[in-house]
Amino acid sequence: MARFLEYQGKAWLAKAGMPVPKGRSASTPEEAKEAAEWIGGPVAVKGQVQAGGRGKAGIVKLVNTPDEAAQVAAEILAKTVKGLPVRQVLVEEKLNIKKEFYCSFVVNGAREARSPMLMFSTEGGMDIESVPEEKIFKVNVDPIFGLQIYDAVDLAAKAGIPDKDISKFANFLTKLSQTYQKYDCQTLEINPFIMTDKGDLVCADCKMEIDNSAVGRHPEFDIKIARDLPGEPTELDYIGWSIEETDARGTGFLMNMGYDEVSPGYIGYHPIGGGSAMMGLDALNQVGLKPANYADTSGNPVASKIYRVAKSVLTQPNIDGYLLGGFMMANQEQWHHAHAIVKVLREVLPTQKPGLPCVLLLCGNREDESLEILRTGLADLMTPEGPGRRIEIYGKEHVTDTKFIGERLLYLSKEYRAEKEALGK
């Protein structure tokens, strides 16, 4: 999902009319000090990363003065949480908390539901995972009309909200449901939302995730990449998203796999389909090679889309090989892959990566014609001294032979790296 940081999510909550603390984001200690002066009084300084457990990680601090806000902001901005650097903090007013609560709108994928679902508990805060199941109350939400006020009243009553406050909670939850629907959220979690000492309900935290498929309906979000990623987007991730965003013909998924561009043994990885991808990873793992990236061109994409993906994979710096992993009898016209791969290799190998190992496994519809396109189109590169001298082409005879494919890649990649080292490259 396209995920917002807390300060971004709260800004959109505020625009939808939800109550949030007075606050401002900051990227430097000086900006944090200015934000604290603007707020006036004690503040919370909260590190902004896409990770849970921020309080336990020590990136949420309460301070009393602007100078203290600058000091703790400097400390927080120097931290890394679960591999993610903290680049911003949210400075917001310290709330006088009477009671913490939890609520979350998620998608209930159960066959009998297939709808949004509200989860609500009077036990909110950092340890929501340890709250007993019987204290978390759930109700499915109509995907068209949203949470109805009578359902919210019933839920609040079941959870033990006092009678005098039920109307307040029901209105809060139904308005949050409308926000969830308006923004096409996949997840909207407020943990905690709090009741202040004055009896007001306020969203003290916010986890907002937008349905990737709905991003096109919300240009106001200015989302640069609508994709689930293990960390911060890399240049390759942005390239992959630009391919998929601008061409919906088949799949052209492409993402970084933690490639460090320095260590040996990374292979540019280009499978065809999900099942094929798992077998290709097995081929690499069996021999100690690693995928530099994950790419997928399935669903019968056109050659131009395959070309863009393959070129992005092949032009990654310092890879030790390229694997086109068609480990399935694909129900698509494989000559589109063949034409694209011929064009890419003819462009990349002679000038950028002469001798790079390229193991091409392709089978399925139009297999014979596709293999002939590869062999004919690359023949002049595959001479003993040519830039494609380590190209190997295989068809259905090796469709499930992951060990063989992995061993060929390992042998060729070792040879390639030794050759580069001998030349001082």
Side-chain angles (χ1 to χ4, degrees), residues 1-20 25 48-50 88 90 103-110 113-119 139-149 151-152 171-191 193 203 205-255 274 296-302 304-305 308-309:
M1 286 74 68
R3 297 177 173 93
F4 289 135
L5 292 168
E6 178 193 1
Y7 81 92
Q8 296 169 320
K10 282 182 172 175
W12 289 109
L13 286 179
K15 288 180 180 180
M18 296 301 301
V20 299
S25 66
Q48 300 294 284
V49 289
Q50 297 287 5
Q88 289 175 300
L90 171 61
C103 70
S104 177
F105 287 88
V106 297
V107 174
N108 184 351
R114 303 286 185 179
S115 69
M117 178 175 67
L118 166 61
M119 296 189 292
V139 61
N140 289 326
V141 177
D142 189 293
I144 297 176
F145 300 107
L147 182 70
Q148 298 301 300
I149 190 71
D151 287 326
N171 286 325
F172 178 91
L173 294 173
T174 52
K175 193 166 186 178
L176 196 62
S177 172
Q178 292 164 6
T179 304
Y180 174 85
Q181 187 175 32
K182 174 182 179 180
Y183 291 150
D184 287 306
C185 295
Q186 189 88 3
T187 300
L188 180 54
E189 179 181 272
I190 312 298
N191 182 36
F193 75 92
C203 300
D205 201 351
C206 175
K207 175 183 177 182
M208 185 183 291
E209 300 176 341
I210 307 301
D211 186 336
N212 287 347
S213 300
V215 166
R217 291 200 293 268
H218 295 282
E220 71 275 16
F221 290 156
D222 194 29
I223 293 172
K224 304 299 184 185
I225 180 168
R227 178 165 289 170
D228 300 328
L229 298 169
E232 292 187 316
T234 65
E235 182 182 358
L236 185 69
D237 294 322
Y238 284 114
I239 292 171
W241 173 245
S242 72
I243 293 171
E244 196 66 9
E245 185 181 31
T246 57
D247 191 340
R249 295 171 294 180
T251 298
F253 190 88
L254 177 66
M255 67 179 288
D296 175 23
T297 48
S298 57
N300 211 29
V302 294
S304 60
K305 189 171 187 178
R308 294 171 71 189
V309 171

Find out whether P116 and Y180 are in side-chain contact, i.e. whether some heavy atom of one side chain is under 4.5 Å from a heavy atom of the other.
-> yes
Under 4.5 Å between any side-chain heavy atoms of M18 and F172, yes or no?
-> yes
Under 4.5 Å between any side-chain heavy atoms of Y183 and K15, yes or no?
-> yes
CG of L13 to CD of E6: how many Å apart, nearest 0.5 Å?
-> 10.0 Å
Given the rule in the side-chain contact (heavy atoms from CB on, under 4.5 Å) test, do C206 and L188 qualify, once you have shown the distances and angles that lead to the verdict?
-> CA-CA 7 Å; C206 175; L188 180 54; 4.2 Å; yes
Would you call V139 and L147 a side-chain contact if the rule is heavy atoms closer than 4.5 Å?
-> yes
What pair of heavy atoms forms the shortest contact from S115 to V141, and how long is it?
-> CB-O, 3.5 Å
Is any side-chain heavy atom of T187 less than 4.5 Å from a side-chain heavy atom of V107?
-> no
Step through the shown structure and confirm whether more than 12 heavy atoms of other residues, nucleotides or ligands are within 6.0 Å of CD on E220.
-> yes
Distance-minimising heavy-atom pair for K224 and W241 = O-CD1, 3.1 Å
Please examine the side chains of L90 and K10, heavy atoms only from C-beta on, and report whether any two atoms are closer than 4.5 Å.
-> yes
For G9 and F4, work out which heavy atoms get closest and say how close.
-> N-CB, 3.9 Å
In Å and rounded to the nearest 0.5 Å, what is the CZ to CG distance from F105 to L173?
-> 6.0 Å
Could you state the interatomic distance from CD1 (I225) to CD1 (I239), rounded to the nearest 0.5 Å?
-> 10.5 Å
When rounded to the nearest 0.5 angstrom, what is the spacing between CZ in R308 and CD in E244?
-> 9.5 Å
Can you tell if the side chain of S104 reaches within under 4.5 Å of the side chain of K207, non-hydrogen atoms only?
-> no
Determine the minimum heavy-atom distance between L5 and Q50, stating which atoms define it.
-> N-NE2, 3.6 Å
Of all the heavy-atom pairs spanning S304 and R249, show the shortest one and how long it is.
-> OG-NH2, 3.7 Å
Could you give the distance from CD (Q148) to CG (D142), rounded to the nearest 0.5 Å?
-> 7.0 Å
Those residues at least two apart in sequence (or on a different chain) that pass side chain to side chain contact (heavy atoms under 4.5 Å, CB included) with S25 are Y7, Q88
Interatomic spacing from CG in N171 to CG in L176 - rounded to 0.5 Å | 12.5 Å
For the residue pair V302 and D247, establish whether any side-chain heavy-atom pair is separated by less than 4.5 Å.
-> yes
